[in-house]
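Numbering of residues begins at 1 and proceeds along the displayed sequence. Bear in mind that the values here come from a model prediction, so they are computed numbers and not experimental data.
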Amino acid sequence: MQEKIIKRAIKLSYERFKPNKFQKRYHFAVAFQGNKPILVSQNNPVKVSAKAYKMGQMFNIQTYKKFPFVHAESHLISNLLDKYNYISQNWSVVVLRINRQGRMLLSKPCINCEKILRAVDLKKVYWSIDRYTFGSYNGNLIDLEAKETI
C-alpha cells in the first residue's frame, strides 16, 4: 500500500509544481487516509505566514516564531487540524522535494517539522530520497524502481 500512496503523492505534487524565479525548491506534503489523499500542502519560503507562527507557538518551536515561513509538513498539520480538529495515527504522510528543474531530491523533514509530526503521533511518514527511493521513520527504504518505474 505504501508504494501506491507514494506514487499518488508524486502525481499530485507534480500537478501542483509551478517553478518560478523566486524559489529554488518546492516541498509538498500529502496526507492520506488509507489510499485516499485528504490534503496537499506546499512550502512557501518567500511569504511570512500567520499559520507558521501559530505552529511555532503551539509546538514551542522558536525558529517558526522568529522566521514564520511555511514548511510543507507543518502547513499540512495546521490545515489538517483546521479541517478535522484532530490528527489520526492511521493517516500517512508523504513528503516530496522537487527542484526548479523538476528533479525529485531528498526531503527528509527538518528537525522542527519532525518534532511536530512526532508530537501529533504520525508514524507513517515517508519522504523522497530521489525519484525512486523513499525513506521512513522505521528505517525501511522503499524502492519504487524495483517494483515498477513511475
ask   = Do NZ/NE/NH1/NH2 and the carboxylate oxygens of K7 and E3 come within less than 4.0 Å?
value = no

ask   = Counting only heavy atoms not in K108, do more than 12 fall under 6.0 Å of its NZ?
value = yes

Cluster overlap F17 with L12, hydrophobic side-chain contacts below 4.5 Å = yes

task = Please report the C-alpha distance between I6 and I142 in whole Å, then the side-chain angles of each, then the deciding distance to 0.1 Å, and finally whether the side-chain contact (heavy atoms from CB on, under 4.5 Å) criterion is met.
result = CA-CA 9 Å; I6 289 170; I142 299 143; 3.9 Å; yes

request  = Without swapping roles, check the side chain of S88 against the backbone of N90 for a donor-acceptor pair under 3.5 Å.
outcome  = yes

ask   = Mind checking who shares a hydrophobic cluster with F67, ILVMFWY linked at side-chain heavy-atom distances under 4.5 Å?
value = V48, F69

ask   = Roughly how far apart are L122 CG and E114 CD, rounded to 0.5 Å?
value = 12.0 Å

request  = Take Y26 and Q42, measure what side-chain contact (heavy atoms from CB on, under 4.5 Å) needs, and give me the verdict at the end.
outcome  = CA-CA 7 Å; Y26 304 79; Q42 182 179 347; 3.6 Å; yes

message = Assigning hydrophobic clusters by single linkage (Ile, Leu, Val, Met, Phe, Trp, Tyr; side-chain heavy-atom cutoff under 4.5 Å), is Y84 placed with L81?
response = yes

inquiry  = Which heavy atom of V30 sits nearest to which heavy atom of F32, and what is that distance?
reply    = CG1-CE1, 3.4 Å

Only distances under 3.5 Å count here; give the side-chain donor-acceptor pairs of residues 50-59 to other protein atoms, sequence neighbours excluded, each with its distance to 0.1 Å.
{"unit_1": "K51", "atom_1": "NZ", "unit_2": "N79", "atom_2": "OD1", "d": "2.4"}
{"unit_1": "K51", "atom_1": "NZ", "unit_2": "D82", "atom_2": "OD2", "d": "2.8"}

message = Taking the side chain as everything from C-beta on, heavy atoms only, tell me whether L117 gets closer than 4.5 Å to P109.
response = yes

note = Looking only at heavy atoms, the pair that brings Y137 and K123 closest together is CD1-O, 3.9 Å

inquiry  = Working to the nearest 0.5 angstrom, can you tell me the gap between R97 CZ and N43 CG?
reply    = 10.0 Å

inquiry  = Please tell me whether V70 and L96 are part of a single hydrophobic cluster in this structure, the criterion being side-chain heavy atoms less than 4.5 Å apart.
reply    = no

query = Closest approach of K21 and R100, non-hydrogen atoms and distance?
reply = O-NH2, 3.8 Å

key: Pair listing, salt bridge (charged side-chain N to carboxylate O under 4.0 Å, His left out) test, anchored in residues 57-75, at least two apart   = none

key: Joint hydrophobic cluster, Y14 plus V95, side-chain heavy atoms closer than 4.5 Å   = no

ask   = So do P68 and S49 actually touch side chain to side chain, heavy atoms under 4.5 Å?
value = no

Gap separating the CE atom of M104 from the CH2 atom of W127, nearest 0.5 angstrom = 15.5 Å

ask   = Can you find a pair of side-chain heavy atoms, one from S92 and one from Q2, that are under 4.5 Å apart?
value = no

ask   = Within a radius of less than 6.0 Å around CG of N85, do more than 12 heavy atoms belonging to other residues, nucleotides or ligands occur?
value = no

query = Can you tell me how far the CZ atom of R131 sits from the CG atom of L144, to the nearest 0.5 Å?
reply = 10.0 Å

key: Distance in Å, L106 CG paired with I129 CD1, rounded so as to fall on 0.5 Å steps   = 6.5 Å

query = At what distance, to the nearest 0.5 angstrom, does NZ of K18 lie from CD of Q23?
reply = 12.5 Å

Check: I116 and I61 side chains under 4.5 Å, non-hydrogen atoms = yes

query = Which pair of heavy atoms, one from A29 and one from A72, lies closest together, and at what distance?
reply = CB-O, 3.6 Å

query = For the residue pair H71 and Y64, does the interplanar ring angle fall in the parallel (under 30°), tilted (30 to 60°) or perpendicular (over 60°) class?
reply = tilted

key: Flag side-chain contact, heavy atom, 4.5 Å: V40 against R16   = yes

inquiry  = Can you tell me if R103 has over 12 outside heavy atoms packed within less than 6.0 Å of its CZ?
reply    = no

message = Pair V120, Y86 - check side-chain contact (heavy atoms from CB on, under 4.5 Å), show working.
response = CA-CA 9 Å; V120 298; Y86 72 98; over 6 Å; no

task = Determine the minimum heavy-atom distance between G135 and L141, stating which atoms define it.
result = CA-CD2, 4.2 Å

ask   = Does a side-chain heavy-atom distance below 4.5 Å link I5 with Y126?
value = yes

key: Polar side chain donor-acceptor pair, Q62 to N60, under 3.5 angstrom   = yes

Heavy-atom closest pair, residues S74 and C113 = N-SG, 4.1 Å

ask   = Would you say F134 and V94 make side-chain contact, with heavy atoms under 4.5 Å?
value = yes

ask   = Got I98 and S13 here, is their nearest side-chain heavy-atom distance under 4.5 Å?
value = yes

